[in-house]
Amino acid sequence: LWMLRSTKKRTWFFSGLIVGLGIYSYGGYIGFLVMFGAFLFVQFVLFRSRWRILLPRYGLLTLGIALAVFPLASFVVSEPNNYFHHVDQIAFYNNPEFTNAQGFIGKLMYMVDRAWNGLTLLIYNSSIDYSDATGGRGALNPILALFSYSGLIIAFTRWRRPPYLLSGL
């Protein structure tokens with residue numbers, strides 16, 4: 001959001017570097033990059049009257065991300081099994097429950113169940129992992145979970161304003 005409010009182009013480049021460096025912190029960050037791309041696309045569509053101003057700035061942002069991600073991307077290309085091994089182990093398409101589901105409806109119901117578990121994770125975690133004693137209790141206490149869900153609903157209803165859209169995604 002700092003870059004959206006800034007009038008200086010270098011802010012977009014430095015923001016790209018910061019966003020790109022996040023990939024080194026967590027494997028799930030790739031999902032954030034996809035959501036960030038969706039956010040920028042929606043912003044570009046909403047502010048299409050300013051596309052001549054935004055396009056070079058998006059280019060600087062993309063350049064910053066690319067420069068930060070390049071070393072990891074070259075590692076992934078040269079050693080794909082080392083990087084994607086954990087992802088392949090926990091991916092839904094390798095889960096026996098998904099592969100054994102009958103037809104499209106069975107696979108769809110599996111995905112709906114996974115989405116529901118993800119949405120209710122703040123209140124209750126249905127999968128108990130005995131190796132590290134997680135599960136059962138939600139990630140937050142009920143009051144904080146209620147505030148979090150309320151915040152997400154507010155963010156989705158006000159999606160046309162950048163801070164809300166980014167929070168919702």
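It should be emphasised that the depicted structure is a prediction, and the values quoted were computed from it without experimental measurement.
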Please check this pair: side chain of K9 against backbone of R57, looking for a donor-acceptor N/O pair closer than 3.5 Å. no
V112 and F98: same hydrophobic cluster, using ILVMFWY side-chain contacts below 4.5 Å? no
Would the number of heavy atoms belonging to other residues, nucleotides or ligands and lying under 6.0 Å from CZ of F41 be above 12? no
Side-chain donor-acceptor pairs of residues 59-70 under 3.5 Å, sequence neighbours excluded:
from, atom 1, to, atom 2, distance (Å)
T62, OG1, Y58, O, 2.8

Quick check: is F36 connected to F44 through a chain of hydrophobic side chains (ILVMFWY, heavy atoms under 4.5 Å apart)? yes
Sub-4.5 Å side-chain heavy-atom contact between F13 and L17: yes
N/O donor to acceptor pairs below 3.5 angstrom from side-chain atoms of residues 99-106, sequence neighbours left out:
from, atom 1, to, atom 2, distance (Å)
T99, OG1, N95, O, 3.3
T99, OG1, P96, O, 3.2
N100, ND2, P96, O, 3.1
Q102, NE2, N100, O, 3.4

Can you list everything that forms a side-chain hydrogen bond (donor to acceptor under 3.5 Å, both in side chains) with E97? Sequence neighbours excluded, please. none
